[in-house]
Structures are given as C-alpha cells and as structure tokens.
There are 2 protein chains.
Amino acid sequence: MDLRKLRYFLTVADEKNLGRAAALLHISQPPLTRQIHQLEDELGVQLFNRTPKGMELTEAGYLLAKESRNIFALVQQASEKTQRASQGRLGRLDVAVFGSGVLDTIPRLLLKFKSDYPEVKVVLHTMEKEEQIQALRQHRISLGFNRMLKPLPDITSELVNRESLLLAVNANSPLATQPVIKFKELANHPMVLFASSGRPNFVDKVMSLCYSAGFTPEITQEVGDVVTGVALVASGFGVCLVSKSGSTLSLPGVVYREIEDMPKDATIDLSCVYRTGDNSKLLASFLSCLQEFKELNADTNTTTP
Amino acid sequence: MDLRKLRYFLTVADEKNLGRAAALLHISQPPLTRQIHQLEDELGVQLFNRTPKGMELTEAGYLLAKESRNIFALVQQASEKTQRASQGRLGRLDVAVFGSGVLDTIPRLLLKFKSDYPEVKVVLHTMEKEEQIQALRQHRISLGFNRMLKPLPDITSELVNRESLLLAVNANSPLATQPVIKFKELANHPMVLFASSGRPNFVDKVMSLCYSAGFTPEITQEVGDVVTGVALVASGFGVCLVSKSGSTLSLPGVVYREIEDMPKDATIDLSCVYRTGDNSKLLASFLSCLQEFKELNADTNTTTP
DNA sequence: GACAGGTCATTCAAAAAAGGTATCAACCGA
DNA sequence: TCGGTTGATACCTTTTTTGAATGACCTGTC
C-alpha cells in the first residue's frame with residue numbers, strides 16, 4: 001500500500017468513475033483499474049461496488065477514504081515541516097542559562113527570537129559554566145549563556161553585551177545617603193561576593209579590581225548567585241557589586257548606587273557559547289537574531305554616550 | 001515521496017549506515033543510496049550529513065523521521081480499520097426508533113449490540129413510521145424500529161418481538177381494585193388512545209378489537225405517544241391499552257392490569273425495517289445480533305409457558 | 001428488441017522505475 | 001602507508017507501471 005495507490009483510490013472515490021478519475025490523474029483507465037484492484041487485494045477488502053453507473057464506495061471504502069485524507073494531510077505537513085526545519089525556522093533549540101544574564105538581557109533576546117522564529121521551541125536549562133561546556137560537547141545543548149569565559153578551541157564564544165558594575169547597598173547603610181561613592185571606600189565596608197564554579201569567575205574579577213585600587217576587600221560571605229547575594233545585602237551582610245542586569249532585582253531594603261571613579265575596565269561581559277563549527281540551521285538562526293539584537297541595543301546605547 | 005522511500009529513509013536513520021540498512025531492507029546498497037538522494041532532491045532538503053563514520057541525521061532529517069513514524073502508524077491503522085470495517089465490526093449505523101419499543105426492548109438490544117460490536121457507533125434518530133420509510137429510501141438511516149408495518153417491496157421488515165397488551169388504569173378507578181377485568185368492561189370506561197401517523201396504526205388495532213368484542217369504545221383523547229397516553233391516565237382521563245414494554249413506564253397514580261379474556265390476537269409486534277437487498281456489513285452484523293437476541297429471549301420465554 | 005452510449009475489466013507490448021554487480025573515491029586507525 | 005571502512009557512480013537486468021485497443025456488461029431509447 002503506497003501513497004500512489006491511495007491517491008488513485010481517493011480520486012476514484014471522489015469521481016465515482018474510473019475514466020474521469022484516470023483523466024484527472026493524467027493516466028489511462030486500465031492501469032487505474034488495476035491499481036484499485038491491487039489495493040483491494042492487498043487489504044483483502046472490497047472498497048467499491050461496481051455498478052453500471054460507476055464506482056460506489058463500500059462502508060470499508062468510505063472509511064479508508066477518510067483515513068487516507070488524514071494520511072495525505074500528515075504527509076503534506078511532514079514535507080513542509082521538513083523544509084522549514086532545513087531553513088532553521090522550525091525545531092527545538094536547547095539553551096543553557098546562568099547568572100544575572102537571565103534577569104534582563106536573555107529574556108529580551110529570547111522574546112525577540114520567539115517573535116522572529118515562532119515555530120522554534122526554545123528549551124531552557126539552568127547550568128553553571130563548566131556544566132554548559134560539558135553539555136555542549138555532549139550535544140545536550142546547542143547554546144549557552146555565561147560570563148567570563150576562557151577561550152577554548154572547540155567552543156566558540158560570542159559577546160552578547162558588556163555591562164558596567166553597580167553597588168548594591170543596604171538602605172540603612174551610610175553609603176545609601178552619601179551623594180557620591182568612591183571605589184576606595186569599599187575597603188571600609190564588608191562585601192558579599194557571588195561566583196559560579198570555574199575560573200576565571202566574578203570573584204577573581206572583583207578581587208583584582210580592589211588590589212589595583214590598593215586595598216583588600218573584607219569578604220563576609222561568598223554565595224553562588226546574584227539573587228542570594230542581593231538578599232544578603234538586604235539582610236545587612238554588607239555591600240555587593242552586581243552587573244547592571246543584576247540591579248533589576250528589587251528587594252526591600254536594597255538600593256543600587258553608581259561608583260563615581262569606577263575603573264574603565266570594571267565591566268562584565270555576557271557571552272554566548274556554542275560548538276565551533278556547529279552548522280545547525282537553528283543555531284545559525286539564533287546567531288543571526290543575536291546579531292540584530294546587538295545592533296538594536298547598540299543604537300539605544302549611542303543615545304546615551 | 002512514496003512510502004517506500006520513507007521506509008528506506010527511516011531504516012537508514014535508525015542504522016546510520018547505508019550498508020547495514022540495505023541489508024535489513026534486503027536490497028543492495030547502491031539503490032538505497034539513490035533512493036535517499038531522490039528523497040532529498042524531492043524535498044530540496046539535506047536529510048543526512050555524510051561522514052566517514054556513516055549517515056547522520058540533520059535537524060530537518062530528525063524531524064522527518066519523527067513525522068514518518070506517525071505516518072506509518074496512521075497507514076497501519078487505516079489498513080486495520082478498513083479491514084474491520086469490511087467485516088462489519090467498525091463504523092457508524094444510523095438507526096431510527098419510535099414508540100414504546102424504546103422503553104424496554106430496543107435498549108436491551110442495543111446494549112447487546114454495543115457489547116458484541118464495541119467499535120460500531122450507533123446513532124439514534126427519533127422518527128415516526130412514515131418518516132423512517134422515507135429516511136431508509138434516502139439512505140439517511142440503515143435501520144428503523146417500529147410497530148404495525150404494512151409490507152413494501154423495497155423495505156424488508158423483521159419481527160423483533162411480540163407483546164401482549166396491558167391496561168393502564170388510574171389508581172383511584174374501581175378497575176384498579178377489581179380482582180379480574182373482562183375485556184367487555186372497557187365499554188363502560190373512557191379510553192385514551194395513542195397512535196403514530198401512517199396506517200395501519202395502534203388506534204385501528206384497538207378499535208377493531210373492541211368491535212369484535214361487540215362494543216364501541218368511548219375515546220376521550222387521542223395522543224401521539226405512549227408516555228403522553230399514560231400521563232393522561234394518571235390525570236384521570238380514562239384507561240389506556242399499552243404494550244407490555246409500555247408498562248415499564250411507572251407514573252404515580254397509574255397501575256397496570258391484565259385483562260382476563262384478552263383475545264389471542266390482541267398482541268402488538270415490534271419490527272425492524274431495512275432496505276431490501278442492503279448488503280451493508282454493518283447491517284448484517286446488526287441483524288445477526290438481533291437473531292441471537294431473539295433466541296435468547298425465546299429461551300427465557302419458554303421458561304414461563 | 002436492436003442499438004447507442006455509458007460503465008469497468010482484460011490483453012499485450014512499451015516505457016519507466018527499481019534493483020544488482022562491479023568499481024571508485026574518501027577517510028580513519030593501525 | 002595500508003587494509004578496512006564509509007558513501008557515490010556507471011552500467012546492466014529485472015520488475016513494475018503504463019498505454020492503446022478491445023471486450024463484456026448494463027441501461028435507456030427508438
């Protein structure tokens with residue numbers, strides 16, 4: 001039972017006449033007769049009652065006609081879906097996220113992607129840096145978002161955006177009312193730091209900034225993610241340096257302040273990573289969307305130089 | 001894109017190797033190579049990445065593989081369903097019912113049919129006698145249940161069962177307390193009669209019974225169906241002759257009584273009707289079920305001679 | 001009641017499609 | 001570098017499908 005026979009069958013079922021059906025199918029009548037007979041023999045079922053007026057569906061034939069239409073709809077769909085998939089417009093993209101990127105940039109990027117490629121299902125996984133690399137290598141994910149990545153030959157990384165750092169301060173702290181905060185003042189305040197596994201990480205970055213400024217920070221607590229860090233600030237554990245994205249987190253008792261003389265290199269990059277040479281069309285779609293996203297954000301940034 | 005190509009494609013997708021797939025398909029490798037290429041050309045989509053290790057599905061190929069499995073499942077199902085339909089075990093049977101038959105006999109019969117042929121969907125339509133004949137001729141229904149049918153050449157009728165008549169009496173009537181009721185006594189009591197359209201009908205039957213017994217009944221009201229008739233008995237309109245099936249209707253204030261000297265021919269037949277020469281397998285299934293049903297009921301009847 | 005005009009079924013040769021054998025080119029690991 | 005693997009290609013054979021002509025049957029008409 002192949003699709004040709006079914007198509008022939010459906011045409012005869014519609015026309016109720018072998019001659020007309022054959023004409024519609026651009027074949028002559030005898031082969032059509034034979035194909036119908038073959039289909040009947042194969043199923044062991046009489047599909048038509050032959051009358052002097054033409055071909056009349058039996059109950060079984062009627063059912064098969066109905067089922068056949070479903071089959072053709074599915075085949076048509078399969079063909080179209082396959083074509084869309086080949087263009088990177090349909091499918092599933094497994095993406096790993098972690099850290100403060102999920103608070104602002106990544107949601108906006110994903111929103112744009114969903115609107116540009118509505119038929120691509122994005123599945124998010126929360127994974128730390130090292131885990132992401134491993135998952136990429138095992139093809140469990142196609143894309144990861146993270147910060148502070150060291151270069152690797154089999155993993156390509158692309159900058160998503162670069163953010164300056166802000167200081168999360170407890171509202172009761174004198175720093176909260178102070179008009180201007182200087183970087184060196186942090187030496188006098190206990191500090192909360194968050195850092196995911198894997199070097200280099202955010203702790204390394206902050207420590208080196210402080211050393212450059214000539215002091216050693218007093219670390220009261222190290223935590224695993226921004227949210228916990230800011231929560232500790234709210235509880236009075238101390239101050240905490242966070243990315244601009246991180247400052248979208250608003251907790252009672254926490255305010256964010258700029259530091260006046262923040263070093264120019266005191267920025268933190270959000271990057272995305274993927275397998276070097278991955279020629280997945282879905283990934284290509286995503287990266288092209290990311291490119292547009294960056295250009296869009298560059299435009300809005302230039303308005304505030 | 002026919003099913004052979006899809007089957008070949010799926011095998012290659014599973015094996016990830018043309019040689020092994022060809023062996024499984026009992027063909028040699030070169031034609032398989034060609035079929036896969038043809039499928040790719042037809043869709044305009046690369047389905048595999050050829051590597052020195054074998055054939056690796058692309059994203060589009062992966063999707064097509066998934067869809068193909070659905071297609072094969074549907075094809076398999078269509079084939080099986082068609083075969084069951086050809087044996088009269090699957091499909092839809094439109095059945096018309098009317099009158100007191102629906103109160104007892106027909107539900108029991110349908111229950112048996114549903115249990116014998118669970119995949120046949122029985123659709124019930126309420127139609128009077130004449131309407132049923134018309135609907136049969138227009139192929140809107142395949143079967144009708146009715147009483148008192150006159151023979152027709154294009155409609156075959158088959159007896160379902162034969163029931164005696166009972167008298168529905170208002171509980172306050174003297175007849176209700178009387179130990180024995182004689183048929184002639186009906187002359188002294190007003191009577192409710194129900195009759196569907198089309199001759200001969202139940203009214204004709206009762207009238208002729210009364211004339212034979214030597215009296216003319218006093219008809220207080222004619223109604224269209226049993227339920228209404230018995231309801232009027234409950235309201236004190238008079239007595240009403242009903243079939244035994246009809247007496248399963250219990251309304252407050254109504255009791256059913258036998259008539260001692262009921263004439264032997266005072267019975268009423270429930271028949272089913274269908275198009276003469278209808279060779280529908282579903283109908284055949286139903287009629288064979290009906291036959292068994294009648295034998296079953298005959299058995300239970302013989303226990304009370 | 002013969003006949004014209006429809007229906008589907010059958011026959012046989014031609015065309016098209018699928019399959020098979022032998023061979024090639026590329027890659028990989030020993 | 002050299003077997004052993006992979007998929008691709010060329011050429012021929014077999015099978016399947018098709019087409020033109022024709023047959024068999026029914027129906028409504030004259």
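Chain A is the first sequence line, chain B the second, and so forth, proteins listed ahead of strands; every chain is numbered from 1. Here the structure is a predicted model, which is why all the values come from computation and not from measurement. What you see below is based on every heavy atom in this structure, not just the backbone, and it leaves out hydrogens, waters and symmetry mates.
In this structure, B:Leu32 places its CG atom 16 Å from C1' of C:dA17, rounding to the nearest Å. One can place CD1 of B:Ile27 at 17 Å from P of C:dA17, the figure rounded to the nearest angstrom. B:Leu25 has its CG atom 14 Å from the P atom of C:dA18, to the nearest Å. One atom, CG of B:Leu3, and another, P of C:dA17, lie 18 Å apart when rounded to the nearest Å. A straight line from CD of B:Gln38 to P of C:dA16 spans 15 Å, rounded to a whole angstrom. Protein atom CE of B:Met1 is 19 Å distant from nucleotide atom C1' of C:dA18, rounded to whole Å. In this structure, B:Tyr8 places its OH atom 12 Å from C1' of C:dG20, rounding to the nearest Å. Atom pair A:Glu15:CD and C:dT7:P shows a separation of 11 Å (rounding to whole Å applied).
By the ring pair (Phe, Tyr, Trp, His ring centres under 6.0 Å) test, B:Phe293 is found to be paired with no residue, residues two or more places apart in sequence or in another chain being considered. When the ring pair (Phe, Tyr, Trp, His ring centres under 6.0 Å) test is applied to B:Phe9, the partners found at least two apart in sequence or on another chain are B:Phe48. Remark: B:Tyr274 pairs with no residue by the ring pair (Phe, Tyr, Trp, His ring centres under 6.0 Å) rule, at least two apart or across chains. Legend: residues meeting ring pair (Phe, Tyr, Trp, His ring centres under 6.0 Å) with B:Tyr8, ordered by chain and number and at least two apart, are absent.
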Scan nucleotides 4-12 of chain D against the protein and return all N/O pairs shorter than 3.5 Å with their distances rounded to 0.1 Å.
residue: D:dT6; atom: OP1; partner: B:Asn17; partner atom: ND2; Å: 2.6
residue: D:dT6; atom: O4'; partner: B:Pro52; partner atom: O; Å: 3.3
residue: D:dG7; atom: OP1; partner: B:Leu18; partner atom: N; Å: 2.8
residue: D:dG7; atom: OP2; partner: B:Leu18; partner atom: N; Å: 3.3
residue: D:dA8; atom: OP1; partner: B:His37; partner atom: NE2; Å: 3.2
residue: D:dA8; atom: OP1; partner: B:Arg50; partner atom: NE; Å: 3.0
residue: D:dA8; atom: N7; partner: B:Gln29; partner atom: NE2; Å: 2.9
residue: D:dA8; atom: N6; partner: B:Gln29; partner atom: OE1; Å: 3.1

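Minimum atom distance to the side chain of B:Ser28 is reached by C:dG20, of the listed D:dT17, C:dG20, C:dA18.
Residue pairs meeting the salt bridge (Lys or Arg N to Asp or Glu O under 4.0 Å) criterion with at least one partner in residues 26-50 of chain A, sequence neighbours excluded, are A:Glu40-A:Arg50.
Taking a cutoff of 4.0 Å between a charged side-chain nitrogen and a carboxylate oxygen, B:Lys112 and B:Glu292 qualify as a salt bridge.
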